[in-house]
Participant: 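One structure follows; several queries about it will come next.
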Amino acid sequence: MSGRRPIISANWKANQGDAADRQRVMEFAAAVDAPGGVEVTVHPPYTALAELSSSADGVSLGAQDCSRFEDGAHTGEVTATMLQTFGVEYVILGHSERRLAGEDPTLIAEKGVRAWRAGLNVILCCGESAAERDRGQTEEVIAAQIGEAVGCAPPSGDRLVIAYEPVWAIGSGVAASPHEAQETCLFVRGVLADCGLDLEADDVRVQYGGSVNPTNVAGFAACPDIDGVLVGGASLTPATFIPLVDAFEAPVLR
Ligand code: PGA
């Protein structure tokens, strides 16, 4: 047994926006109430944070992003401190959809520093594109993405979760194989060992993300270095999300 508490994260992206979707938020919150051996984080759009924080006892509240700024005249920004005082505990940083929207390593590192200083836990995403994979650059890309984000201000390891999300697997319906994901998550642990964290790399939780669903989740849950999943599409309904929680909740020998 690894001793690491599995963490299952629902990344709702820009979904769950209208009234019917908000109703599902309530059902969802009730359904995942008080999980036992696993931690569940839910990352709604900013506009649904309030609703979820007042209705979901069993989940940790997460954001999908935060500002690089501490405070001040920065129209449109939502700072890490605002999130923290609102009850948010986790923030996803470096998601490939944000990298594709123009976020560079410096910006991601700055956001990380703000988040850690505000007391938030960071789920730092890393992962190679299809082209990088074809060129055999997966490990090089991942090492750079992790190193750049934690290099300038290593957080204490228990404030950091790494999500390995191959870009080609996100939203494509084609997940990495459990073997592939396990090997890369093990590699991530090796990278973390060189990052100057004040906690053993073996204690940092590493998630897999990319087209996880109720059918393929068991394979990931059985891998010794995969401590949970970061989920987009399958996190939008309780029917597809609860089985993912259950898979990691089951007392598998890890
Ligand atoms: P997906 O998204 O589960 O829909 O592939 C994962 C993610 O983007 O975090």
Side-chain angles (χ1 to χ4, degrees), residues 7 9-15 41 43-46 62-69 74 76-80 83 88 90-116 118 120-155 159-176 180-181 184-185 187-189 191-192 194-195 204-212 226 228-235:
I7 176 166
S9 300
N11 177 12
W12 286 353
K13 308 188 180 185
N15 297 299
T41 74
H43 304 252
Y46 288 135
Q64 300 174 17
D65 191 19
C66 72
S67 176
R68 80 198 302 175
F69 300 110
H74 305 291
E77 297 282 339
V78 176
T79 71
L83 293 170
V88 170
Y90 284 86
V91 61
I92 296 170
L93 293 180
H95 192 283
S96 64
E97 287 157 11
R98 298 222 55 83
R99 292 183 197 266
L100 287 171
E103 294 206 358
D104 62 19
T106 304
L107 176 59
I108 294 164
E110 287 173 350
K111 290 180 174 188
V113 169
R114 293 296 176 208
W116 285 311
L120 297 179
N121 305 304
V122 172
I123 298 177
L124 175 67
C125 300
C126 63
E128 81 286 1
S129 66
E132 289 163 342
R133 182 196 195 208
D134 291 346
R135 291 196 295 266
Q137 294 175 319
T138 297
E139 294 191 349
E140 181 189 329
V141 167
I142 287 168
Q145 289 171 336
I146 296 174
E148 284 157 354
V150 306
C152 58
R159 290 228 169 274
L160 177 66
V161 175
I162 301 288
Y164 166 56
E165 295 206 304
V167 179
W168 47 268
I170 295 175
S172 68
V174 181
E180 244 177 320
T184 309
C185 289
F187 174 77
V188 164
R189 225 172 273 295
V191 172
L192 289 170
D194 297 330
C195 280
V204 177
R205 292 177 294 176
V206 181
Q207 298 172 309
Y208 167 75
S211 295
V212 177
I226 298 179
V229 283
L230 176 56
V231 189
S235 75

Participant: Measure across Val188 and Cys126 and return the closest heavy-atom pair with its distance rounded to 0.1 Å.
Facilitator: CG2-SG, 4.5 Å
Participant: Judged by atom type as modelled, is there a donor-acceptor pair below 3.5 Å linking the side chain of Tyr208 to the main-chain atoms of Gly210?
Facilitator: yes
Participant: Mind checking the OG-CZ spacing from Ser129 to Arg135? Nearest 0.5 Å is all I need.
Facilitator: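 Interatomic distance, Ser129 OG to Arg135 CZ, rounded to 0.5 Å: 6.0 Å.
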Participant: Give, for atom OH of Tyr46 and atom CG of Leu83, the distance between the pair rounded to the nearest 0.5 Å.
Facilitator: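 Nearest 0.5 Å value for the OH-CG distance: 5.5 Å.
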Participant: Could you check whether the rings of Tyr90 and His43 sit parallel, tilted or perpendicular, using 30° and 60° as the cut-offs?
Facilitator: perpendicular
Participant: Find the distance between CD1 (Ile146) and SG (Cys125) and round it off to the nearest 0.5 Å.
Facilitator: 10.5 Å
Participant: Would a 4.5 Å heavy-atom cut-off, applied to side chains only, mark Lys111 and Asp65 as touching?
Facilitator: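 Yes. Closest side-chain heavy atoms under 4.5 Å.
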Participant: To the nearest 0.5 Å, what is the distance between NE2 on His95 and CD on Glu165?
Facilitator: 4.5 Å
Participant: Is there a donor-acceptor pair closer than 3.5 Å between any side-chain N or O of Gln207 and the backbone N or O of Val161?
Facilitator: no
Participant: Measuring from atom OG1 of Thr41 to atom CG of Leu230, what distance do you get when rounded to the nearest 0.5 angstrom?
Facilitator: 7.5 Å
Participant: Taking it one step at a time, do Arg114 and Glu77 satisfy salt bridge (charged side-chain N to carboxylate O under 4.0 Å, His left out)?
Facilitator: CA-CA 13 Å; Arg114 293 296 176 208; Glu77 297 282 339; over 6 Å; no
Participant: Using every non-hydrogen atom in the two residues, find where Trp116 and Arg159 come nearest and quote the distance to one decimal.
Facilitator: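 Heavy atoms only, the tightest pair is NE1-O, 3.1 Å.
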Participant: Could you measure the distance from the CG atom of Leu160 to the CZ atom of Arg205? Nearest 0.5 Å is fine.
Facilitator: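 Reported value, rounded in 0.5 Å steps: 10.0 Å.
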Participant: Taking all heavy atoms of Leu93 and all of Ile108, pick out the closest pair and write down the distance.
Facilitator: CD1-O, 4.3 Å
Participant: State, with a plain yes or no, whether a side-chain heavy atom of Trp168 is found less than 4.5 Å away from one of Glu128.
Facilitator: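 SC-SC contact between Trp168 and Glu128 confirmed.
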Participant: Check Ser172 against Ser211 and note the closest heavy-atom contact, atom names and distance.
Facilitator: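 Taking every non-hydrogen atom into account, N-OG, 3.4 Å.
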Participant: For residues 138-147, which residue pairs pass the side-chain hydrogen bond (donor to acceptor under 3.5 Å, both in side chains) check, not counting sequence neighbours?
Facilitator: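 For residues 138-147, and leaving out neighbouring residues, there are no side-chain hydrogen bond (donor to acceptor under 3.5 Å, both in side chains) pairs at all.
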Participant: Indicate the atoms forming the closest heavy-atom contact of Ser235 with Ala10, along with that distance.
Facilitator: CB-CB, 3.5 Å
Participant: Is the shortest side-chain heavy-atom distance between Ser9 and Ile123 below 4.5 Å?
Facilitator: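 They are in side-chain contact.
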Participant: So Ile170 and Glu97, do their side chains get closer than 4.5 Å, heavy atoms only?
Facilitator: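 Yes, side chains in contact.
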Participant: Locate the shortest heavy-atom distance separating Leu107 from Glu103; write the atom from each residue and the value.
Facilitator: CD2-CG, 3.7 Å
